[in-house]
Amino acid sequence: MPPTPRLILIRNGHVVDPGQRIEGPLDVLIERGKIVQLQPRDAEIPESAYRVEAGGQIVCPGFVDLHVHLRFPGLPEKETMESGTAAAAAGGFTTVCAMANTRPVVDSVEVLRQVQEEAERAARVRVCQLAALTCGLQGERMTDLSALADAGAVAFSDDGQPVFNSEIMQEALSRMDGLNRTISAHEEDRAIVDRGVANQRAAQALGLPPWPCQGEARMVERDISLLREAGGRLHIAHVSCARTVDLIRAAKADGLAITAEVTPHHLLLTDRLVEGDASSGLQPGHPNTKVNPPLRTEEDAEALLGGLLDGTIDAIATDHAPHAAADKNKPYAEAAFGFTGSETALPLLLELVSRGRIALPFLIEKLTLGPARVFGLDAGTLHPGAPADVTIFDPDAAWTVAPHELHSLGKNTPLLGRELHGRVSMTMVDGQIVHVEGV
Ligand SMILES: [Zn+2]
């Protein structure tokens with residue numbers, strides 16, 4: 001990457017900044033890594049400015065991802081700090097929030113510092129780290145929440161595991177206001193889900209154990225009632241079911257401090273894919289369709305979109321979950337759960353825009369300001385003085401998802417072979433170019 005010029009002008013872009021309700025043909029002036037202003041195209045250009053030609057593409061705040069798995073420390077065969085954040089930058093994400101289910105688990109200040117040092121050394125984008133809620137994700141003993149918050153943990157989560165123990169969950173929730181943090185909850189009632197691997201309909205068709213919506217909804221119900229008792233702040237990770245959207249909507253109407261995220265795959269893919277899809281070359285029960293929570297029905301996807309549109313769901317998050325081929329190339333029941341998502345999120349979501357289901361500025365809001373607000377991050381807008389985290393993309397550019405196109409070490413996406421439209425051409429963090437398409 002070239003050294004960062006002091007003054008940069010992004011010219012001839014179509015700027016979309018939902019935070020300021022701005023959309024139009026504007027130039028973006030950046031000085032020393034901060035946004036100076038959005039200015040008309042005919043404004044005077046400082047002689048010394050380094051010019052970036054946007055050529056009519058969309059110029060917007062860098063995306064913020066509340067849910068990624070960077071696999072650091074301890075799982076370099078799945079992803080590294082370099083590869084995971086290169087994938088994020090290639091997908092237009094300038095801030096990613098990494099989950100704590102690593103080896104060792106991020107459950108102490110010592111491990112948290114290790115991640116922060118590695119991010120400092122190797123990350124292309126901003127990395128915020130979540131800390132575990134319980135030691136070793138075992139659900140038995142709470143971590144030192146205040147020490148972890150003081151050391152910079154952005155939120156708390158046992159993601160990958162539900163927190164079974166209601167007393168621990170309640171106690172942890174009650175401390176969130178004091179710590180100014182949120183709990184991101186992976187909602188899965190293991191008593192119902194057990195060894196389930198696919199949504200009921202697909203599971204039945206393929207003779208696999210089911211992971212039904214009830215398993216998600218039951219746990220969300222419990223956590224909403226704990227939130228009602230204990231106060232605090234609760235964020236529901238990767239909402240997948242219509243029933244869950246209804247529960248969150250009702251809790252919000254009651255004034256509870258609850259937020260939620262949805263993944264691009266739960267919005268746009270369904271469990272029909274698990275049953276096989278000839279056009280994608282997916283045989284029935286292909287392990288690349290296995291994800292937790294599983295892909296649901298068309299009705300669920302429709303309800304998730306409804307929840308996004310009416311504000312029940314605050315943010316889109318990828319749950320980027322890279323795996324090595326050996327973790328995935330197994331019979332369905334044994335294969336690892338998870339899709340990579342950083343690099344396919346934008347084009348997949350743009351299908352909703354091209355179908356006329358959501359407006360582009362709204363989509364960008366749910367990828368920028370929406371998530372930034374959930375964790376209280378200083379990101380997601382091109383307001384003067386804000387860090388110059390900027391994404392430039394061509395919403396029409398066609399490309400085919402193929403392993404060699406992906407920066408992530410994980411090639412585990414059900415979208416392999418699919419032609420998508422929309423590609424990030426440049427990503428900047430603090431005014432520094434961290435990704436250029438094809439580089
Ligand atoms: Zn999860």
Side-chain angles (χ1 to χ4, degrees), residues 64-75 78-79 81 84-85 88 95-123 125-165 167-188 223 226-227 230-238 257 259 261 315 317-321 371-379:
V64 176
D65 197 342
L66 297 178
H67 192 149
V68 301
H69 298 271
L70 293 179
R71 308 301 192 197
F72 182 89
L75 298 158
K78 293 176 190 280
E79 194 76 291
M81 188 63 75
T85 58
T95 299
V96 295
C97 303
M99 285 298 178
N101 60 340
T102 49
R103 271 188 217 147
V105 169
V106 185
D107 60 2
S108 69
V109 169
E110 191 191 356
V111 182
L112 177 59
R113 293 221 195 284
Q114 204 186 328
V115 178
Q116 290 164 336
E117 278 161 26
E118 180 68 356
E120 188 68 34
R121 191 189 71 76
V125 303
R126 297 176 199 283
V127 173
C128 301
Q129 180 64 48
L130 287 93
L133 199 56
T134 68
C135 298
L137 308 180
Q138 297 293 308
E140 289 159 8
R141 203 157 45 84
M142 208 184 301
T143 54
D144 188 341
L145 302 180
S146 46
L148 287 160
D150 284 348
V154 72
F156 294 94
S157 182
D158 274 6
D159 186 57
Q161 303 288 337
V163 180
F164 299 115
N165 186 316
E167 274 119 70
I168 288 182
M169 190 64 171
Q170 182 161 354
E171 162 74 12
L173 278 169
S174 74
R175 296 189 47 200
M176 288 302 118
D177 283 336
L179 296 172
N180 194 25
R181 293 291 188 281
T182 302
I183 292 175
S184 174
H186 170 111
E187 304 289 31
E188 176 181 348
D223 284 346
L226 294 176
L227 182 66
R233 283 155 38 180
L234 176 66
H235 177 69
I236 310 294
H238 45 53
T259 53
E261 73 191 29
T318 65
D319 191 8
H320 174 76
R373 280 185 178 142
V374 171
F375 285 173
L377 306 172
D378 178 22

Asker: Of all heavy-atom pairs between A379 and V64, which one has the smallest distance, and what is that distance?
Answerer: CB-CG2, 3.9 Å
Asker: E261 side chain to A317 main-chain N or O, any donor-acceptor pair under 3.5 Å?
Answerer: no
Asker: State whether a side-chain donor-acceptor pair under 3.5 Å links T259 with H235.
Answerer: yes
Asker: For C97 versus L377, what's the shortest heavy-atom pair and its separation?
Answerer: SG-CD1, 4.1 Å
Asker: Side-chain contact, heavy-atom cut-off 4.5 Å: Q114 with V106?
Answerer: no
Asker: Could you give the distance from OG1 (T134) to CG (N165), rounded to the nearest 0.5 Å?
Answerer: 9.0 Å
Asker: So among H67, E79, H69, which one has a side chain to side chain donor-acceptor pair (under 3.5 Å) with H320?
Answerer: E79
Asker: Within the 4.5 Å heavy-atom criterion, are D65 and T95 side-chain neighbours or not?
Answerer: no
Asker: Quick one: pull up CZ in R71 and CE in M99 and give me the separation to the nearest 0.5 Å.
Answerer: 11.5 Å
Asker: Do H238 and H186 have side-chain atoms, one donor and one acceptor, less than 3.5 Å apart?
Answerer: yes
Asker: Quick one: CG on L179 to CG on D177, what's the gap to the nearest 0.5 Å?
Answerer: 9.0 Å
Asker: Closest approach of T85 and A123, non-hydrogen atoms and distance?
Answerer: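 Here T85 and A123 meet closest at OG1-CA, 3.5 Å.
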Asker: Going by atom types alone, do T143 and D107 pair a side-chain donor with an acceptor below 3.5 Å?
Answerer: no
Asker: What heavy-atom pair brings A153 and A131 nearest, and what distance separates the two atoms?
Answerer: CB-CB, 3.7 Å
Asker: State whether the side chain of R181 and the backbone N or O of A149 hold a donor-acceptor pair below 3.5 Å, judged by distance alone.
Answerer: yes
Asker: How long is the straight-line distance from CG of L148 back to OG of S108, given to the nearest 0.5 Å?
Answerer: 7.0 Å
Asker: Specify the closest pair of heavy atoms between R113 and A151, including all atoms of both residues, with the distance to one decimal.
Answerer: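 Nearest pair, atom of R113 first, then A151: NH1-CB, 3.9 Å.
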Asker: Quick one: does V115's side chain get under 4.5 Å of F72's, heavy atoms only?
Answerer: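 V115 vs F72: side chains touch.
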Asker: Of L66, N101, L130, L137, which meets side chain to side chain contact (heavy atoms under 4.5 Å, CB included) against S157?
Answerer: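 Of the listed options, the one satisfying the test is L130.
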Asker: R233 pairs by side chain to side chain contact (heavy atoms under 4.5 Å, CB included) with which of N180, L227, I183?
Answerer: N180
Asker: Do V127 and M81 have side chains that approach each other closer than 4.5 Å (heavy atoms only, starting at C-beta)?
Answerer: yes
Asker: In this structure, are over 12 heavy atoms from other groups packed under 6.0 Å from D144 atom CG?
Answerer: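 Check passes, neighbour count above 12.
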Asker: Test side-chain contact (heavy atoms from CB on, under 4.5 Å) on V96 and R126; report intermediate values, then the result.
Answerer: CA-CA 6 Å; V96 295; R126 297 176 199 283; over 6 Å; no
Asker: Please examine the side chains of V111 and P73, heavy atoms only from C-beta on, and report whether any two atoms are closer than 4.5 Å.
Answerer: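 SC-SC contact between P73 and V111 confirmed.
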Asker: For A132 and F156, which heavy atoms make the closest approach, and how far apart are they?
Answerer: O-CD2, 3.8 Å
Asker: Applying side-chain contact (heavy atoms from CB on, under 4.5 Å) to L133 and L145, what does each step give before you reach the verdict?
Answerer: CA-CA 7 Å; L133 199 56; L145 302 180; 4.0 Å; yes
Asker: Atom CE in M169, atom CZ in F164: separation rounded to 0.5 Å?
Answerer: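 Spacing of CE (M169) from CZ (F164) equals 12.5 Å.
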Asker: Could you give the distance from CD (Q170) to CD (E167), rounded to the nearest 0.5 Å?
Answerer: 8.0 Å
